[in-house]
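Worksheet for the structure shown next.
We count ligands from 1, going down the list as the structure has it; atoms in each ligand are counted the same way. Note that these values count all heavy atoms, side chains included, but never hydrogens, waters or copies made by symmetry.
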Amino acid sequence: MDVVAPTNTTLDHIAQVVLSADTICVCGHVNPDGDCIGSVLALASALRSLNKHVYPLCVENVDQNRSFQDLPGSEHLIKPSGLSLAPELFISVDVSNDERLGTAADTKASASHSITIDHHVVEGVDADLAYIVPSAPSTTMLIWDLIEALGVERTKEIATCCFFGLMTDTGGFRHANSSKEAFEYAAAMVERGANAHMLSDAFFQRRSFASVKLEERLIERIHLFCDDRAALSFVTQADLDALGATKADCEPLIDVLRSLDGVKISCILKAFDGAVRGSLRSKDGIDVNAIARKLGGGGHKLASGFTLDCPLENAIVQVERLIEDACN
Ligand code: 5GP
Ligand code: MN
């Protein structure tokens, strides 16, 4: 796992800065996923054991995702609006830019110092200190190393949160980022008490019936193009309303498209709240991050996302055109 630009520090230096601060915010990105929540909770737990005043922020309500609620320490999560003080230090995990911090960007602006620890491909960062490792399968692996650099014992609680991030960002150790190091870190986390089976069940085996019904609608609308090498489908707010489904119920849907034999690029569009959120996945090395960037989004080479401020019909045309360019 190699650090890349715009990294300007080391984990040891970050540890020194953290140890000298007293009030610390730890925050992940909007539309929080398992890696970002796992990173926030693991680092917050380590900071509490150092007797820091720690404020783990969650930019959006986690109530929708039951498996996040079960993670140890999730009861400490607060919304940015619930925090009235200006922290000494603001640590962004799994996110490097203010626009992905949502309302927490104001809290960050009020902090004296800021640090980002991330594994996304980024051009620039909005932080004083940056530690960026795109080859890391999860941000929780970087947090695992930082906690060691802090000299804090990696407890069962920390191991559980870090394993959860690693498990979810590797798709249950099945995606291309399931490297030897991913398994080595996973083994260390299991050794410290992470229960792989329980965490896997909690995340992958708890779909609501509404989510399965949503999948039915998604399947009906699959559009195969680029000689069946690309698949796109969508769900809308009307679908959620009709089925009593939540946004979290949409999370497993992209895997249906990705699992299709021969499909190299898959895309799901979710038309909610007047905007269209897209998720892109690549199966054979085609860089979907490049597509997401053209749409104002970003992420990883093989898994990226974006948000478009236009009607669904326009979004479909725009996205399919870019996918066609990438396929050819
Ligand atoms: P998902 O499709 O699961 O929402 O996101 C896939 C990956 O892309 C995640 O690592 C996520 O953090 C990142 N991502 C999703 N949407 C955006 C976006 O709008 N901008 C950036 N920079 N990254 C995104
Ligand atoms: Mn991540």
If you count the atoms of ligand 1 from 1 in the order shown, which ones are under 4.0 Å from a heavy atom of [X]?
{"X": "R277", "value": "4 (O), 15 (C), 16 (N)"}
{"X": "H120", "value": "9 (C), 10 (O), 11 (C), 12 (O)"}
{"X": "H300", "value": "10 (O)"}

Q: Output yes when the distance from some N or O of ligand 1 to some N or O of S279 is under 3.5 Å, and no in every other case.
A: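 Yes, since at least one N or O of S279 sits under 3.5 Å from an N or O of ligand 1.
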Q) Quick one: does E251 get an N or O within less than 3.5 Å of an N or O on ligand 1? A)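 No; every N/O pair is 3.5 Å or more apart.
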Q: Output, in order, the C-alpha distance, side-chain angles, deciding distance and verdict of salt bridge (charged side-chain N to carboxylate O under 4.0 Å, His left out) for D126 and R100.
A: CA-CA 10 Å; D126 298 317; R100 297 264 296 149; over 6 Å; no
Check whether any N, O or S atom of [X], backbone or side chain, sits closer than 2.8 Å to the Mn ion (ligand 2).
{"X": "D118", "answer": "no"}
{"X": "D94", "answer": "yes"}
{"X": "C36", "answer": "no"}

(Q) So which atom in P134 and which in D2 form the shortest heavy-atom distance, rounded to 0.1 Å? (A)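 Between these two residues, the closest heavy atoms are CD-O, 4.3 Å.
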Q: Fit a plane to each ring of F203 and F68, take the angle between them on a 0 to 90° scale, and name the class: parallel (under 30°), tilted (30 to 60°) or perpendicular (over 60°).
A: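 The arrangement is parallel - the two ring planes meet at less than 30°.
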Q | Donor-acceptor contact present, side-chain R154 to main-chain W144, <3.5 Å | A | yes
Q | Polar side-chain atom of S211 near backbone of D249 as donor-acceptor pair, under 3.5 Å | A | yes
How far is [atom] from its nearest protein heavy atom, and which residue and atom is that?
{"atom": "atom 11 (C) of ligand 1", "answer": "R100 NH2, 3.5 Å"}
{"atom": "atom 24 (C) of ligand 1", "answer": "G298 O, 3.2 Å"}
{"atom": "atom 7 (C) of ligand 1", "answer": "A303 O, 3.4 Å"}

Q. Tell me, which N, O or S atom in D169 is closest to the Mn ion (ligand 2)?
A.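 D169's closest N, O or S atom to the Mn ion (ligand 2) is named OD2.
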Q) Of all N/O/S atoms in D35, which lies nearest to the Mn ion (ligand 2)? A)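 For D35, the N, O or S atom at the smallest distance from the Mn ion (ligand 2) is OD2.
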Q: Report yes if the distance between the aromatic ring centroids of F225 and H223 is under 6.0 Å, otherwise no.
A: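 Ring centres of H223 and F225 closer than 6.0 Å.
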Q) Is the F204-F173 ring centre distance short of 6.0 angstrom? A)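 Here the rings of F173 and F204 have centres that are no less than 6.0 Å from each other.
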(Q) Taking atom CZ as the centre, does F209 end up with more than 12 heavy-atom neighbours from other residues, nucleotides or ligands that are less than 6.0 angstrom away? (A) no
Q. Between the side chains of N177 and H175, is a donor N or O closer than 3.5 angstrom to an acceptor N or O?
A.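 Judged by distance alone, the side chains do not pair up.
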Q. Just going by heavy-atom distances, which of G305, S138, G34 is nearest to atom 16 (N) of ligand 1?
A. G305
Q | Charged N-O contact under 4.0 Å between K108 and D98 | A | yes
Q: Check each heavy atom of R281 against ligand 1 and say whether those closer than 4.0 Å belong to the side chain, the backbone, both or neither.
A: side chain
